[in-house]
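Report on one structure; see the data block that follows.
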Amino acid sequence: MKFGTKAIHAGLEPDPSTGAIMTPIFQTSTYVQESPGTHKGYAYARGKNPTRNALEKNLAALENGKHALCFSSGMGAIDAVVKLLRPGDEVITGDDLYGGSYRMFTKVFAHYGIKFHFINMNDANNIKQYINSNTKLLWVETPTNPTMQIIDIAACAEIAKANNLILAVDNTFASPYLQNPLDLGADIVMHSVTKYLGGHSDVVMGALITSDDKLYTDLAFIHNSCGATPGPMDSFLVLRGIKTLHLRMERHCFNGRKVAEYLKNHPRIEKIYWPGFEDHPNHDIAKKQMRDFGGMISIVLKGADKEETFRIASSFSVFSLAESLGGVESLINHPVTMTHASIPKEERERVGVVDNLLRLSVGVEDVEDLIDDLKAVLG
Ligand SMILES: *Cc1c(COP(=O)(O)O)cnc(C)c1O
């Protein structure tokens, strides 16, 4: 089955009791048992819920994986992956990460004796020098947030296999429509479902997908034991959102390209980060591992101080100033004060997260209106 058909049908069956074509919202916490321990596979809703399980099957299909688990947030999903580790274990990850991931690694798990190396992964060979006998996990985000670096997933997978590491890829920015890390050799794919998968800025959710039975068993144990599981209503909203994922992504990519091209030579723009440009440092890898380049764009405003950057960020009428991304509506974000506020100034500036950087999540509105909005503010 091809992607759009899977988005609409995979994992879903008409409800056996009524024929309802949409998966019902099984709003229940528990299930009646015939005799103690004898039930239809459902005992308690933290462990299993039919609405959530339908979504998990759908997500597994979209990522060409065998198993999926849904979490109550993207952070809940990342938390479960790190809980596969033990004190003394080491993780190698990128130096341009979602701010919340950086915060969880440094402010929560570092206290549990897990060591994190935040390194430049633009050349995957750079990873090798940080590997030692304690290294267990390679955590890769690509494209990165917010500077849109592209990390070579297949090259990372080769290094992970050779050194017996788990390779987990945060695929939030690309969505399964643009990129399937398991096909490139990753062991685990993570999504903030909140973003493109949900797509309508109305749900917070996370997911993990894997084809490895042992990893799935271990993650499912953590999922049920630690309990960051989403409710059935949110699962329903995401199932509904995914039915148009391929249509939305097509438009995100189309609009993203038009907006990037408009901004590229704009006199007010000092720098633009978008992997679709041939002069993007890893454009060739983007072309190799992604089907298109998406609607996430970051820009550095020329000669703007923080005040001027704030004024510009607050002046749009179609773009809304807000955290998050991947919804139908276009958003603009100031990473330094919003999504990446928890990263120390020195560290963020080293990777280009400067005061005059803005991140755009280009939505699926009519692109002429988006460009008019940019023109009205930037001139
Ligand atoms: C938003 C985001 C997360 C965290 O997901 P939540 O659903 O907000 O918990 C992780 N990684 C990336 C790349 C994100 O954009």
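Keep in mind that this is a model prediction, so the values were computed, not measured. For ligands, and for the atoms within them, numbers begin at 1 and follow the listed sequence. All values below come from the heavy atoms of this structure, side chains included, with hydrogens, waters and symmetry mates left out.
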For this session: List the atom of P344, the atom of Y102, and the distance in Å for their closest heavy-atom pair.
Result: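 Taking P344 first and Y102 second, the nearest heavy atoms are CD-OH, 3.5 Å.
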How far is [atom] from its nearest protein heavy atom, and which residue and atom is that?
atom	answer
atom 13 (C) of ligand 1	D170 OD2, 3.3 Å
atom 5 (O) of ligand 1	S192 OG, 3.0 Å
atom 7 (O) of ligand 1	T194 OG1, 2.6 Å
atom 4 (C) of ligand 1	Y98 CE2, 3.4 Å
atom 14 (C) of ligand 1	K195 NZ, 3.0 Å

So, regarding [X] and ligand 1 (criterion: nitrogen or oxygen to nitrogen or oxygen, under 3.5 Å), is there a contact or not?
X	value
G74	yes
E141	no
M75	yes

Problem set entry | T28 (side chain) donor-acceptor with T30 (main chain) under 3.5 angstrom |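 Yes, T28 side chain to T30 backbone: donor-acceptor pair under 3.5 Å.
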For this session: Ignoring hydrogens and angles, tell me if any N or O in the side chain of S73 forms a donor-acceptor pair with the backbone of M205 under 3.5 Å.
Result: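 No, S73 side chain to M205 backbone: no donor-acceptor pair under 3.5 Å.
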Problem set entry | Chi angles and distances behind the salt bridge (charged side-chain N to carboxylate O under 4.0 Å, His left out) call for E261, R257 | CA-CA 6 Å; E261 282 168 356; R257 173 178 294 280; 3.8 Å; yes
For this session: Evaluate the side-chain proximity of L59 to I242: yes if any heavy-atom separation is below 4.5 Å, no if none is.
Result: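 Yes, close enough: below the 4.5 Å cut-off.
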Exercise. With atoms numbered from 1 as shown, which atoms in ligand 1 lie under 4.0 angstrom from a non-hydrogen atom of M205?
Worked result: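 Those qualifying, in numeric order: 7 (O).
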For this session: Find all atoms of ligand 1 within a distance of less than 4.0 Å from any non-hydrogen atom belonging to N145, and give their numbers and elements.
Result: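 Those atoms are 15 (O).
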Exercise. Counting only heavy atoms not in E346, do more than 12 sit closer than 6.0 Å to its CD atom?
Worked result: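 Incorrect, the count does not exceed 12.
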Exercise. Centroid-to-centroid, H280 to F293, below 6.0 Å?
Worked result: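 Distance test on ring centres: not under 6.0 Å, no.
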